[in-house]
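Order of the sequence lines fixes the chain letters, A, B, ..., with proteins taken first and strands second; residue numbering starts at 1 for each chain.
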Amino acid sequence: MRPPFPPLAAAFYARPTAEVARRLLGHFLVSDVAGRRTVGRIVETEAYVGPHDPACHAFGRRRTPRTEALYGPPGTAYVYFTYGMHWCLNAVTERLDYPAAVLIRALEPLEGLAVMRRRRGNVAERGLCAGPARLCEALGITGDENGTSLVRGTVRILRDRTRGPLVAVTSRIGITRGVSWPLRFVIQGSPWASR
DNA sequence: GGTAGGATAAGCT
DNA sequence: GCTTATCCTACCA
């Protein structure tokens, strides 16, 4: 993290969600939660494309306090709690009042590995950030970050200089509806993906 | 190598 | 009451 990596601007997120999910791959997720810097490269994402997407939290429901951040401006962090114990981080996309976002599913750990291990327990490096709830635990991301800006908040996404990686597209994971939609994006061959 | 089951709580019906 | 965009452990091969 030596050179000046600029944050991805709000305009980056104000595009079709699947496109944002694909283009997020390879960039840096940086957390300064509790004054500890942890950094990982995004290697796996999923798109949740709007109210017509049966797997999206906004599907067939009204806007609720829990999902409010999902309707925020592009570049907002939508962090939700699930299964009674896990946090998951999303980047809100498209436009204000339109509920769509990209779930960050896995990172290649780059910086602050000792901090990550302290938070995660002494797991193998491969398992540190391979999964949406695992990466949140490793980076200290909780509901406190819900609704904050990924452009200028405590948790940010910074642009890498290198060119776009080769991307594989598959179905999404862990959902029960809209299962077959090809909206999961992975850096081809990355050993850091969740599976 | 693989998978089944349990933990645990908010939000919805 | 039931479901859930998950993870870990135990157990089996």
Assign a letter to each nucleotide of nucleotides 8-13 of chain C from its 5' end: B, base within under 4.0 Å of a protein heavy atom; S, sugar-phosphate only; -, no contact. S-----

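With rounding to whole Å, M85(A) atom CE is found 16 Å from dT4(C) atom P. For the pair E46(A) CD and dA5(C) C1', the interatomic distance rounds to 7 Å; values are reported in whole Å. Following rounding to the nearest Å, R172(A) (CZ) and dT6(C) (P) show an atom-to-atom distance of 11 Å. Rounded to a whole Å, the CZ atom of R105(A) is 7 Å from the P atom of dC7(C). Across the protein-nucleic acid pair, F59(A) atom CZ and dT13(B) atom P stand 11 Å apart, rounded to whole Å. Residue F81(A) contributes atom CZ, which lies 15 Å from atom P of dA7(B) at whole-angstrom precision. L103(A) has its CG atom 11 Å from the C1' atom of dT6(C), to the nearest Å. Distance I173(A) CD1 to dT4(C) C1': 16 Å, rounded to the nearest Å.
Look at T67(A) and you won't find any side-chain N or O under 4.0 angstrom from OP1 or OP2 of dG11(B). The phosphate of dT8(B) has neither OP1 nor OP2 within less than 4.0 Å of any side-chain N or O from H86(A).
Set against dA5(C), dT6(C), dT8(B), the side chain of A133(A) has dT6(C) as its closest nucleotide. The P132(A) side chain lies nearest to dC7(C) when the options are dC7(C), dT4(C), dA9(B). Of the candidate nucleotides dG11(B), dT6(C), dA5(C), dG11(B) has the atom lying nearest to any side-chain atom of R66(A). Which of dT4(C), dT6(C), dT8(B) sits closest to the side chain of T176(A) comes down to dT4(C).
W181(A) and H52(A) get closest at one heavy-atom pair: CH2-O, 3.8 Å.
Because its NZ or CZ atom is not both nearer than 6.0 Å to the ring centre of F81(A) and within 45° of the ring axis, R66(A) does not count as a cation-pi partner of that residue.
Within the 3.5 Å criterion, the main-chain N or O of A101(A) finds no donor-acceptor partner in the side chain of N90(A). In this structure a side-chain-to-backbone donor-acceptor pair under 3.5 Å is missing from H27(A) to R159(A). Put simply, the side chain of T67(A) never gets that close to the backbone of L70(A): no donor and acceptor are under 3.5 Å apart.
Across all strands shown, dG1(C) is found opposite dC12(B) as a Watson-Crick or G-U wobble partner, with both distances under 3.5 Å.
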Evaluate the ring pair (Phe, Tyr, Trp, His ring centres under 6.0 Å) criterion for residues H57(A) and Y80(A): first the C-alpha distance (whole Å), next the side-chain angles of each, then the deciding distance (0.1 Å), finally the verdict. CA-CA 10 Å; H57(A) 282 171; Y80(A) 68 87; 4.6 Å; yes

Should F5(A) and F28(A) be marked as a ring pair (Phe, Tyr, Trp, His ring centres under 6.0 Å) after you check the CA-CA gap, both sets of side-chain angles, and the distance that decides it? CA-CA 9 Å; F5(A) 297 102; F28(A) 301 115; 4.9 Å; yes

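For Y80(A) against dA5(C), a side-chain-to-base donor-acceptor contact under 3.5 Å is present.
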